[in-house]
Number of protein chains: 2
Amino acid sequence: MSSQVLPLDAETKAAESPEHHREELRLWLRLLTCSTMIEGEIRRRLRERFDVTLPRFDLMAQLDKAPDGMTLSDLSRRMMVSNGNLTGLVERLAVSGHLDRRVSATDRRAQIISLTEAGRAEFRAMAAAHETWIAELFGDLSAKEQKDLMRLLARTKFSARNAMTGETV
Amino acid sequence: MSSQVLPLDAETKAAESPEHHREELRLWLRLLTCSTMIEGEIRRRLRERFDVTLPRFDLMAQLDKAPDGMTLSDLSRRMMVSNGNLTGLVERLAVSGHLDRRVSATDRRAQIISLTEAGRAEFRAMAAAHETWIAELFGDLSAKEQKDLMRLLARTKFSARNAMTGETV
DNA sequence: CTGATTTATTTTAAGCTTAAAACATTTTCG
DNA sequence: CGAAAATGTTTTAAGCTTAAAATAAATCAG
């Protein structure tokens, strides 16, 4: 999988030489650092200026994009969090009046979750600030750098998805 | 902060036109998706194959790099998690015999945390598998793509750090 | 030296998160 | 149809995480 093409006999291969992948590791740690730093700062600002947690913001962001509402399973898939996690999150936001739950007309197991008017208004205000913050945090990157990074992250997502579904290369 | 240089009068500026930054937002969401996907997969595999949580693995990884041990504050800064969080994490790993705590000789407030021999051995085994997994997850990226991504993430880290410390541009 | 500030850590309360098991309903198919 | 599998959700137990307040020790300033 890359590296040298010198002929290694089966013996050598079977010996399972360590095969270091330090560069990939460094790449992953840097990606994680960026993500953690930015997420932490956004979390801090959301709490400070709007007294809201990041998970609640994220949940409302998903619902804002779905005017007709979504089921818990849809939310779970989109947000990449466990089902059980959402049960509690939705419960708390329903109690605080930010969202509505109604049983699906076609499937009595499922609930359709949607933002209330108040919830939507509150989210829109937060979203505007959030967008500004993100632009500020990425502010030093040129348009070209942003475009390149976007492409490389798309490739990364594809690569990871690939490695997760099936083939061990 | 980029965009056009057409002369906007103060009036127009004061009107605070929405100024959309959707591209930065998309970039951030993609970064977050990559990070979340990979982290989730690593978490899953660590649990499945080694019955260990990701936070514990991360803590041991820091300690493995510091043979003489580190204080909780050092760990807190390096891992970018709260101090209180570490208290519990360290407590659980000390109980399970993975690490040692001793009071600092020069500062009676501080503890020096270090891996036990057993802890180190266990970590090394996990780290080897971890490195392979990461290489696999990033496997579709060419060497050049990896290098480019590395550079752009360094720029991103710098940009975010910049925006966090002081100047609101 | 002593009071004020800083630094290191723990505690507390609340909420987030997961995996696994349990439960409820729908869909599939023999 | 009716059993089996699949899907949608909740519950449970454990652990993670944070912010804020509390405690303790070291350092600084006068």
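So that the names make sense, note that chain A is the first sequence line, chain B the second, and so on, each numbered from 1. Nothing here was measured: the structure is a model prediction, and the numbers come from that model. Side-chain atoms are counted along with the backbone in the values below, which use heavy atoms only and exclude waters and symmetry mates.
For the pair B/L89 CG and D/dG15 P, the interatomic distance rounds to 11 Å; values are reported in whole Å. When rounded to the nearest whole Å, the span between CD of A/E91 and C1' of C/dT17 equals 17 Å. Protein atom CZ of A/R43 is 13 Å distant from nucleotide atom P of D/dA20, rounded to whole Å. The CG atom of B/D51 sits 18 Å away from the P atom of C/dT18 (whole-angstrom rounding). Going from atom CG of B/L93 over to atom P of D/dG15 covers 11 Å, rounded to whole Å. Following rounding to the nearest Å, B/L46 (CG) and C/dT18 (P) show an atom-to-atom distance of 15 Å. Rounded to whole Å, atom C1' of D/dT17 lies 12 Å from atom CE of B/M79. Atom pair A/R45:CZ and D/dT18:C1' shows a separation of 18 Å (rounding to whole Å applied).
Neither side chain, B/N162 nor B/S159, offers a donor N or O lying under 3.5 Å from an acceptor on the other. With 3.5 Å as the limit, one finds a donor-acceptor pair spanning the side chains of A/S104 and A/T106.
Residue pairs meeting the ring-ring contact (aromatic ring centres under 6.0 Å, His included) criterion with at least one partner in residues 64-89 of chain A, sequence neighbours excluded, do not occur; the list is empty. Listed by first then second residue, pairs satisfying ring-ring contact (aromatic ring centres under 6.0 Å, His included) with a partner in residues 41-66 of chain B read B/F57-B/F123, B/F57-B/H130, not counting sequence neighbours.
Taking side-chain N and O atoms only, B/R56 has a distance below 4.0 Å to OP1 or OP2 of D/dC16. For the pair A/T53 and D/dT18, the criterion of a side-chain N or O lying under 4.0 Å from OP1 or OP2 is not met. At least one side-chain nitrogen or oxygen of A/R92 sits closer than 4.0 Å to the OP1 or OP2 atom of C/dC16. Distances shorter than 4.0 Å separate none of the side-chain N or O atoms of A/R108 from OP1 or OP2 on C/dA24.
Using a 4.0 Å heavy-atom distance criterion, A/R44 is classed as making no nucleic acid contact.
Electrostatic pairing of B/R56 and B/E122 does not count as a salt bridge here, judged by no charged N lying under 4.0 Å from a carboxylate O.
Within 6.0 Å of CZ in B/R78 there are 12 or fewer heavy atoms belonging to other residues, nucleotides or ligands. Shown here is A/E48, whose CD atom has more than 12 heavy atoms of other residues, nucleotides or ligands within 6.0 Å.
Here C/dT18 is the nucleotide among C/dT18, C/dA19, C/dT17 with the atom lying nearest to any side-chain atom of A/V81.
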- Mark up nucleotides 7-12 of chain D, 5' to 3', with B wherever a protein heavy atom is under 4.0 angstrom from a base atom, S wherever such an atom reaches only the sugar-phosphate, and - elsewhere. BSBBB-
